[in-house]
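Right, one structure below, let's go through it.
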Amino acid sequence: QVQLVESGGGLVQPGDSLTIACAASGGSFEHLTLGWFRQAPGTPGTLREFVAAVSWGAGATRYAEAVKGRFTISRNNSQNTVYLQMNSLKPEDTADYYCAADYRGSHLQPAHDYAYWGQGTQVTVSS
């Protein structure tokens with residue numbers, strides 16, 4: 001069983017940068033494909049929006065069009081942690097950000113194919 005714990009969320013101003021992290025335990029991190037998803041606050045019944053993913057092995061990455069060029073996903077297999085660096089943040093980036101993991105998954109797979117999820121960390125972009 002893999003446990004995921006997100007950290008690093010907070011309140012920032014438009015244009016600021018923020019890096020959030022997700023620490024994994026209880027599994028073989030190097031074999032996990034990892035993704036970041038987000039959900040706007042106050043919308044618990046809606047689907048979580050894909051943000052970015054990085055595959056196990058080769059470390060292939062994929063980004064949502066809305067964040068391409070502004071966000072960077074990276075993983076540190078020695079620290080069992082995946083990061084999401086967010087630059088040029090906009091108010092529409094405000095959301096709860098969730099980390100997800102799946103053994104030997106594809107960085108192209110949808111949210112429902114991820115087996116493990118964290119509890120989320122809140123990011124608010126507001127002036």
Side-chain angles (χ1 to χ4, degrees):
Q1 190 77 2
V2 175
Q3 291 83 42
L4 302 171
V5 179
E6 301 94 335
S7 62
L11 172 64
V12 296
Q13 294 187 339
D16 283 354
S17 297
L18 186 70
T19 298
I20 56 178
C22 173
S25 61
S28 177
F29 186 83
E30 65 181 352
H31 295 117
L32 291 172
T33 284
L34 300 150
W36 285 100
F37 295 80
R38 66 187 181 185
Q39 189 171 40
T43 61
T46 61
L47 295 174
R48 292 175 181 174
E49 176 190 9
F50 169 75
V51 177
V54 58
S55 72
W56 72 284
T61 58
R62 178 171 72 103
Y63 295 91
E65 285 298 321
V67 307
K68 198 173 291 185
R70 298 189 298 123
F71 291 10
T72 302
I73 188 171
S74 61
R75 63 188 298 160
N76 186 323
N77 288 349
S78 64
Q79 295 182 347
N80 291 357
T81 303
V82 60
Y83 301 93
L84 185 68
Q85 179 181 346
M86 303 180 288
N87 298 327
S88 303
L89 281 161
K90 305 175 181 180
E92 51 263 43
D93 295 317
T94 295
D96 294 321
Y97 283 73
Y98 296 88
C99 175
D102 193 49
Y103 274 113
R104 296 181 174 87
S106 167
H107 63 297
L108 304 177
Q109 68 187 47
H112 62 255
D113 282 343
Y114 281 85
Y116 307 102
W117 290 84
Q119 293 300 305
T121 186
Q122 188 172 66
V123 173
T124 303
V125 185
S126 175
S127 56

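By the rule that hydrophobic residues join a cluster once side-chain heavy atoms approach within less than 4.5 Å of another member, Tyr63 and Tyr114 end up as members of separate clusters. The cluster map of Ile, Leu, Val, Met, Phe, Trp and Tyr, joined by side-chain heavy atoms under 4.5 Å apart, puts Phe50 and Tyr83 in different clusters.
One finds the CG atom of Leu4 at 9.5 Å from the CD atom of Gln119 (value rounded to the nearest 0.5 Å). The CD atom of Gln85 sits 10.0 Å away from atom CG of Leu18, with the distance rounded to the nearest 0.5 Å. To the nearest 0.5 Å, atoms CZ (Phe71) and OG1 (Thr61) are separated by 14.5 Å. To the nearest 0.5 Å, atoms OH (Tyr97) and CD (Glu49) are separated by 7.5 Å.
Between Arg70 and Asp93, some side-chain heavy-atom pair lies under the 4.5 Å cut-off. Here the side chains of Leu84 and Arg38 are not in contact, with every heavy-atom distance at 4.5 Å or above. Side-chain contact between Gln39 and Tyr98 is present, with at least one heavy-atom pair separated by less than 4.5 Å. With a 4.5 Å cut-off on side-chain heavy atoms, Cys22 and Leu34 do not count as touching. Looking at Ser126 and Leu11, their side chains come closer than 4.5 Å, going by heavy atoms from C-beta outward. Using a 4.5 Å heavy-atom threshold, the side chains of Ile73 and Val82 count as touching. The closest side-chain heavy-atom distance from Arg62 to Leu108 is below 4.5 Å.
Summarising the geometry of Asn76 relative to Ser78, their closest heavy-atom pair is OD1-OG, 2.5 Å, with the distance given to 0.1 Å. Heavy-atom minimum distance, Val2 versus Ala24: CG1-CB, 4.5 Å. Considering every non-hydrogen atom in both Ser17 and Leu89, the closest pair reads C-CD1, 4.2 Å. Listed here is the closest heavy atom pair of Arg75 and Thr33: NH1-CA, 4.5 Å. Residue Gly105 comes nearest to Trp56 through the heavy atom pair O-CD1, 3.4 Å, listed as atom of the first residue, atom of the second, then distance. In terms of heavy atoms, Gly9 sits closest to Thr121 at N-OG1, 3.1 Å.
Put simply, the side chain of Thr94 gets close to the backbone of Val125: a donor and an acceptor are under 3.5 Å apart. Under the 3.5 Å distance criterion, the side-chain polar atoms of Ser55 are matched with a main-chain donor or acceptor of Ala60. Proximity of a side-chain donor or acceptor of Glu6 to a complementary backbone N or O of Gly120 within less than 3.5 Å is detected.
Few gaps surround CD on Gln3; more than 12 heavy atoms of other groups in view lie less than 6.0 Å from it.
Classified by interplanar angle (parallel below 30°, tilted 30° to 60°, perpendicular above 60°), the ring pair Tyr116/Tyr103 is perpendicular. Note on ring orientation: taking the six-membered ring where Trp is involved, the planes of Trp117 and Phe37 are tilted (angle from 30° to 60°).
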